[in-house]
Amino acid sequence: MQFNPIEALKHQLDTLCDTAKTGFVRLNTPCQVDGLMGWLNRQSVYPRLYWHSRDADAIEYATLGAVNVFDSLAALEADLAVLAEIGGQQPNYFGGMAFDPGTPGWEHFPACHFVLPRIELQRHQGGATLSLNLRFDGRCPTAEIAQARACLDALVEEQPLPCLQPHVYQREDRPRQQEWAAWVGKVTNPDHLMHTPKVVLSRETCLTTSQTPNPWALLSRWQAGAADCFQFGVQFEPHEAFIGCPPERLYKREGQHLITEALAGTTRRGRDTPQDQMLAAELLADKKNTLENQCVYQQLLTQIEPLAHQVHMGEAHIVKLRSVQHIRRLIHAELHSNVTDQQLLSALPPTPAVGGVSRESALAFIRQHECHQRGWYSGVFGRISHASSDLAVTIRCAHIGQKAIRLYAGAGIVAGSQPDEEWRELDTKIADIMSLLGMG
């Protein structure tokens with residue numbers, strides 16, 4: 001990025017000093033940028049967040065810093081309501097939630113954490129826009145402007161991302177395959193299936209090394225082969241990051257129109273088109289996989305129907321990703337006029353695609369048996385605003401520290417699940433990033 005956009009924002013900030021200030025103010029200027037992750041990687045301001053929806057015309061976002069931080073859905077919803085009542089410009093909030101707020105998470109990843117960013121870089125079909133966000137209600141205007149200026153002063157020009165260097169990794173799976181097989185046996189026991197027809201069991205694959213790769217370089221490479229997926233990255237502090245390319249949408253809301261989906265049931269990709277089509281047809285006809293998808297959409301319908309006056313579910317179809325194929329059913333709903341994102345985020349996650357059915361009994365099994373902490377894996381990440389929201393389920397992800405990368409994968413265990421097949425499915429789900437790390 002060239003520095004003239006920063007000077008343009010500083011000029012707007014000077015002009016703002018002479019005007020009355022209330023509520024939320026966003027200052028914008030067009031800019032040129034080659035790569036949002038290359039820009040993010042160069043900055044010294046935290047947190048650093050990246051978000052790109054899977055929709056073809058989606059805006060790509062990179063954000064720095066925080067004007068406000070919200071560690072509860074109630075606080076976020078209250079802020080949305082205050083600014084909606086004031087009127088005028090409305091902000092974007094970015095952040096996420098843990099899979100199970102009732103269990104210990106990761107040190108720097110609270111159970112719920114959304115930010116109103118100080119700096120917002122957007123790339124869209126018409127070009128790119130650099131924005132500076134300010135809040136004036138309940139704040140000293142002089143101090144707020146000074147903090148905004150300091151953040152602008154800290155910005156530096158983007159540079160190309162570093163190359164991914166080969167590393168030697170030591171792999172450890174948690175649980176190991178024998179213990180995994182025992183878990184699957186417990187879930188598929190007829191007595192257990194009577195009250196819990198589906199449990200999504202997960203595995204943590206820990207790769208230790210002397211030095212982990214740059215998270216933004218890794219995400220950029222991963223993104224190149226994941227065009228049909230969401231892409232996100234989070235850095236709350238310099239030596240830890242959470243990145244991913246999840247295929248699953250939690251929900252998209254435009255006004256009171258809601259889109260969500262049941263994404264469950266998996267097979268591998270074929271070596272050529274005929275085999276690929278044969279595997280897809282077998283997946284749609286497979287009883288075990290259709291049952292897994294059915295568990296998800298029935299539970300979603302149960303959760304959505306009290307919040308909507310109209311619900312429609314589409315036909316099952318196949319989604320083809322680089323290494324796997326999934327069964328997907330889209331669900332459209334017209335929400336009641338008073339339904340908020342807080343209500344949706346209180347009702348929908350964790351979805352049956354990452355937790356199970358019934359939710360509480362599946363979560364109880366997961367809490368009892370899984371030794372690793374899921375944290376934000378299989379949780380939520382995305383963007384929320386007054387007019388629209390778009391959030392993904394954080395699967396196909398990597399938690400990166402200074403000496404280790406932790407990869408996560410889960411499989412829905414239902415009647416008919418076979419331990420060896422489900423274990424292979426876990427390997428297939430992490431195959432893309434393993435290949436980027438030189439372990440494929």
Side-chain angles (χ1 to χ4, degrees), residues 1-6 8-9 26-55 57-69 91-96 109 113-134 148 150-162 213-224 226-227 229-238 240-246 376 381-385 388-392 394 397-398 400:
M1 180 188 300
Q2 299 177 7
F3 278 86
N4 54 322
I6 297 172
L9 288 177
R26 175 187 284 126
L27 307 179
N28 302 306
T29 187
C31 65
Q32 291 183 338
V33 60
D34 292 327
L36 269 64
M37 289 187 225
W39 177 81
L40 266 180
N41 185 59
R42 282 276 292 149
Q43 309 307 323
S44 60
V45 178
Y46 290 86
R48 310 197 289 198
L49 307 179
Y50 176 85
W51 170 249
H52 193 198
S53 180
R54 71 181 187 207
D55 299 331
D57 58 348
I59 296 173
E60 184 182 11
Y61 296 92
T63 78
L64 294 171
V67 178
N68 279 353
V69 174
N92 291 310
Y93 304 79
F94 299 86
F109 291 80
H113 194 81
F114 283 86
V115 302
L116 168 54
R118 176 65 75 190
I119 302 288
E120 208 172 310
L121 177 59
Q122 303 179 14
R123 183 156 57 184
H124 38 81
Q125 291 181 336
T129 302
L130 184 68
S131 301
L132 178 69
N133 295 327
L134 303 100
C151 197
L152 286 177
D153 287 338
L155 295 183
V156 295
E157 193 171 357
E158 69 171 302
Q159 286 187 0
L161 287 164
N214 179 285
W216 301 111
L218 183 57
L219 178 58
S220 180
R221 283 278 299 276
W222 196 356
Q223 178 188 52
C229 297
F230 299 87
Q231 296 119 27
F232 73 88
V234 189
Q235 266 190 316
F236 291 130
E237 55 90 34
E240 185 180 18
F242 183 49
I243 64 173
C245 293
W376 278 27
F381 189 87
R383 179 192 61 82
I384 291 175
S385 74
S388 65
S389 299
D390 198 6
L391 299 118
T394 50
C397 56
I400 303 172

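Nothing fancy with the numbering, it's 1 onward along the sequence. What you see is a predicted model; the values in this text were computed from it and never measured. For the numbers below, each heavy atom of this structure counts, side chains included, while hydrogens, waters and symmetry mates do not.
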Quiz item: Do Asn41 and Pro162 come close enough that some side-chain heavy atom pair is under 4.5 Å?
Solution: yes
Quiz item: Nearest 0.5 Å, what's the CD-CD1 distance between Glu240 and Ile400?
Solution: 10.0 Å
Exercise. Give the minimum heavy-atom separation between Gln122 and His124, together with the two atoms involved.
Key: O-CD2, 4.0 Å
Quiz item: Using a distance-only test with no angle check, is there a side-chain donor-acceptor pair under 3.5 angstrom linking Ser388 and Arg383?
Solution: yes
Self-check item: Modelled atom types, side-chain donor and acceptor of Glu120 and Asn92, under 3.5 Å
Solution: yes
Quiz item: Below 6.0 angstrom between ring centroids: does that apply to Phe381 and Phe232?
Solution: yes
Using distance only, find each side-chain donor-acceptor pair of residues 216-224 under 3.5 Å and give its atom names and separation, not counting sequence neighbours.
from	atom 1	to	atom 2	distance (Å)
Trp216	NE1	Gln235	OE1	2.8
Gln223	NE2	Tyr50	OH	2.7
Gln223	NE2	Gln231	OE1	2.9

Quiz item: Does Val69 reach the side chain of Tyr93, with side-chain heavy atoms less than 4.5 Å apart?
Solution: no
Quiz prompt | Rounded distance (nearest 0.5 Å) linking atom CZ of Arg54 with atom CG of Asp390 | solution = 8.5 Å
Quiz item: Between Phe114 and Gly382, which heavy-atom pair has the shortest distance, and what is it?
Solution: CE2-O, 4.3 Å
Quiz item: Between CD of Gln32 and CG of Leu130, what distance do you get to the nearest 0.5 Å?
Solution: 12.5 Å
Quiz item: Mind checking whether Val67 and Leu134 have side chains closer than 4.5 Å, heavy atoms only?
Solution: no
Practice problem: Check the pair Thr129 / Asn28 against side chain to side chain donor-acceptor pair (under 3.5 Å), numbers first and verdict last. | Solution: CA-CA 7 Å; Thr129 302; Asn28 302 306; over 6 Å; no
Practice problem: Look up atom CG in Leu36 and atom CG in Leu121, then write down how far apart they are to the nearest 0.5 Å. | Solution: 4.0 Å
Quiz prompt | Verdict with reasoning, Gln43 to Leu155, per side chain to side chain contact (heavy atoms under 4.5 Å, CB included) | solution = CA-CA 6 Å; Gln43 309 307 323; Leu155 295 183; 3.6 Å; yes
Practice problem: State, to 0.1 Å, how close Leu9 and Ser131 come at their nearest heavy-atom pair, and which atoms those are. | Solution: CD1-C, 4.4 Å
Quiz item: Atom CE of Met37 and atom NE2 of His52: how far apart are they, to the nearest 0.5 Å?
Solution: 9.5 Å
Practice problem: Kindly determine whether Tyr46 and Phe236 satisfy ring pair (Phe, Tyr, Trp, His ring centres under 6.0 Å), including the steps that lead there. | Solution: CA-CA 6 Å; Tyr46 290 86; Phe236 291 130; 9.5 Å; no
Quiz item: What are the two closest heavy atoms between Pro246 and Ala392, and how far apart are they?
Solution: CG-CB, 4.0 Å
Quiz item: Can you list the steps and then say if Thr29 with Ile6 is a side chain to side chain contact (heavy atoms under 4.5 Å, CB included)?
Solution: CA-CA 8 Å; Thr29 187; Ile6 297 172; over 6 Å; no
Practice problem: For side chain to side chain contact (heavy atoms under 4.5 Å, CB included), just list the numbers for Leu40 and Leu64, CA-CA rounded to whole Å, side-chain angles, deciding distance to a tenth of an Å, and then say yes or no. | Solution: CA-CA 8 Å; Leu40 266 180; Leu64 294 171; 3.6 Å; yes
Quiz item: Looking at CG of Asp34 and CG of Leu161, how far apart are the two atoms once the value is rounded to the nearest 0.5 Å?
Solution: 11.0 Å
Quiz item: Would you say Val115 and Leu49 make side-chain contact, with heavy atoms under 4.5 Å?
Solution: yes
Practice problem: Would you sort out whether Glu157 and Gln159 count as a side chain to side chain donor-acceptor pair (under 3.5 Å), showing the intermediate values? | Solution: CA-CA 7 Å; Glu157 193 171 357; Gln159 286 187 0; over 6 Å; no
Self-check item: Heavy-atom closest contact (Ala226 atom, Cys245 atom, distance)
Solution: CB-CB, 3.9 Å
Quiz prompt | From Tyr61, Phe94, Phe230, residue fulfilling ring-ring contact (aromatic ring centres under 6.0 Å, His included) relative to Trp51 | solution = Phe230
Quiz item: Does Trp376 have its ring centroid less than 6.0 Å away from the ring centroid of Phe109?
Solution: yes
Practice problem: Answer whether the closest heavy-atom distance between the side chains of Asn133 and Arg26 falls below 4.5 Å. | Solution: yes
Exercise. Show your reasoning for whether side chain to side chain contact (heavy atoms under 4.5 Å, CB included) applies to Gln125 and Asp57.
Key: CA-CA 7 Å; Gln125 291 181 336; Asp57 58 348; 3.8 Å; yes
